[in-house]
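Single-structure report; data block below.
FYI, side chains are in, hydrogens and waters are out, and symmetry mates aren't considered; it's all heavy atoms of this structure. Note that ligands are numbered from 1 as they come in the structure, with each ligand's atoms numbered from 1 the same way. For reference, positions follow the sequence shown, starting with 1. Quantities reported herein were computed from a predicted structural model and do not represent experimental measurements.
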Amino acid sequence: MDTLILDPTDENIAKAAKILADGGLVAFPTETVYGLGADALNEDAVKRVYEAKGRPSDNPMIVHISRASDIGQTTRMLSPDIVNLIDNFWPGPLTLVVKKRDEIPKTTTGGLDTVAVRLPDNETARKLINLAGVPVAAPSANLSGRPSPTTYEHVVEDLNGKVDVILKGEPCRVGIESTVLDMTGDTPMILRPGILTAEQLEAAIGKKVEIDPAALRTANEMKEIAEGRKTDDVIPKAPGMKYKHYAPKAEMLIVEGARDNVKREIERLKGLNEKLGSKVGVILFEERAFIEAAHDFFARLRDLDNEGVDLILAGALSDTDGVGFAVMNRMLKSAGYNIVKV
Ligand code: AMP
Ligand code: MG
């Protein structure tokens with residue numbers, strides 16, 4: 001398939017919107033990561049998204065809308081908390097999981113009765129969705145398993161020839177995917193951590209927000225589960241979280257501990273590996289520069305892959321619940337939970 005790679009002019013956005021409305025696939029910028037969109041109401045179009053990405057079909061998609069009032073297209077149930085969250089955080093990097101309307105096909109929600117909805121804070125995205133006139137199902141615009149795309153060049157790398165249109169845009173402002181908040185239970189629960197933290201959400205609704213125990217498991221637990229030494233008794237509520245994710249082509253090891261020790265150990269391991277002929281890349285963010293880490297992390301993985309490194313050594317971010325925790329959630333998956341403590 002020939003992919004149109006277009007500047008985000010009004011004329012091109014209108015052209016892309018028409019293609020989207022007719023069942024085509026359009027990649028577009030958002031403030032979090034680039035998305036690969038299809039008409040959320042068109043099962044054939046949604047199936048083509050799964051095919052283009054090589055994504056397992058039980059991994060649900062986020063439905064994107066262009067104005068808050070359109071949430072009625074996806075759900076009939078709007079609690080005061082949901083309205084409050086929308087008022088405070090939309091447009092923005094917050095995805096709300098709500099009870100779905102019958103009109104949203106299960107192909108879009110990976111077979112679930114709930115649907116994840118978001119209003120992105122990006123003008124091109126909103127114009128596109130508005131002109132298409134339908135809610136837009138859009139996972140991240142990468143091949144399944146690869147790091148999420150934060151520039152349009154990343155999208156071209158993964159999806160050129162597999163989708164109808166790639167709309168160009170700026171590098172993504174946030175750089176990691178949205179916070180996914182489940183609003184269907186008694187207590188709001190973060191299924192996927194993001195740049196909006198539990199603390200910020202709690203401040204807006206005046207009640208406790210929990211973090212899904214599956215997202216809180218330690219690297220050691222995950223390793224034990226992977227190696228069959230422990231049974232997995234926590235079922236992730238965000239189905240996508242069980243899949244191998246964000247993996248660079250290189251091997252990857254995280255080094256965790258006090259800052260000076262981490263630096264020293266990374267240098268030592270780098271030296272040892274280089275002596276043996278390996279090409280080594282390092283990801284070490286400034287201490288507590290979590291926003292910057294979120295912005296750069298996926299792009300760093302792709303850059304190092306393009307440089308052809310064999311091994312990536314990354315310094316762990318020490319943060320238990322904030323933005324650093326959200327980046328660590330991605331870093332642990334990229335490294336296949338490979339971590340050493342110093
Ligand atoms: P991606 O589209 O790659 O950003 O991933 C979207 C993620 O949102 C999925 O992997 C799920 O973790 C989460 N998600 C989407 N829909 C639902 C839902 N109905 N219930 C729970 N989690 C969801
Ligand atoms: Mg994704």
Residue-level breakdown please: for [X] versus ligand 1, do any non-hydrogen atoms fall below 4.0 Å on the side chain, on the backbone, on both, or on neither?
X      : value
Lys100 : neither
Thr114 : both
Leu191 : side chain
Arg118 : neither
Asn59  : side chain

Give a yes or no answer on whether the side chain of [X] reaches the backbone of [Y] with a donor-acceptor pair at less than 3.5 Å.
X      : Y      : result
Arg330 : Glu177 : yes
Asp39  : Gly23  : no
Thr108 : Ala40  : yes
Arg55  : Pro139 : no

I need the minimum non-hydrogen distance between Thr32 and Val174, along with the two atoms involved. CA-CB, 3.9 Å
Which of the numbered atoms in ligand 1 are below 4.0 angstrom from a heavy atom of [X]?
X      : result
Arg192 : 1 (P), 4 (O), 5 (O), 6 (C), 7 (C)
Ser140 : 1 (P), 2 (O), 3 (O)
Leu112 : 18 (C), 19 (N), 20 (N)

For residues 16-34, which residue pairs qualify under salt bridge (charged side-chain N to carboxylate O under 4.0 Å, His left out), counting only residues two or more places apart or in two chains? Lys18-Asp22, Glu31-Arg118
Any side-chain heavy-atom pair from Glu251 and Asp310 closer than 4.5 angstrom? no
Any residue meeting salt bridge (charged side-chain N to carboxylate O under 4.0 Å, His left out) with Lys15, in chain and number order, not counting sequence neighbours: none
What count do you get for protein N, O or S atoms closer to the Mg ion (ligand 2) than 2.8 Å? 1
Whether Arg67 and Asp70 form a salt bridge (side-chain N of Lys/Arg under 4.0 Å from carboxylate O of Asp/Glu) is what I want to check. yes
Which pairs count as ring-ring contact (aromatic ring centres under 6.0 Å, His included) when at least one residue sits in residues 288-333, sequence neighbours excluded? Tyr246-Phe298
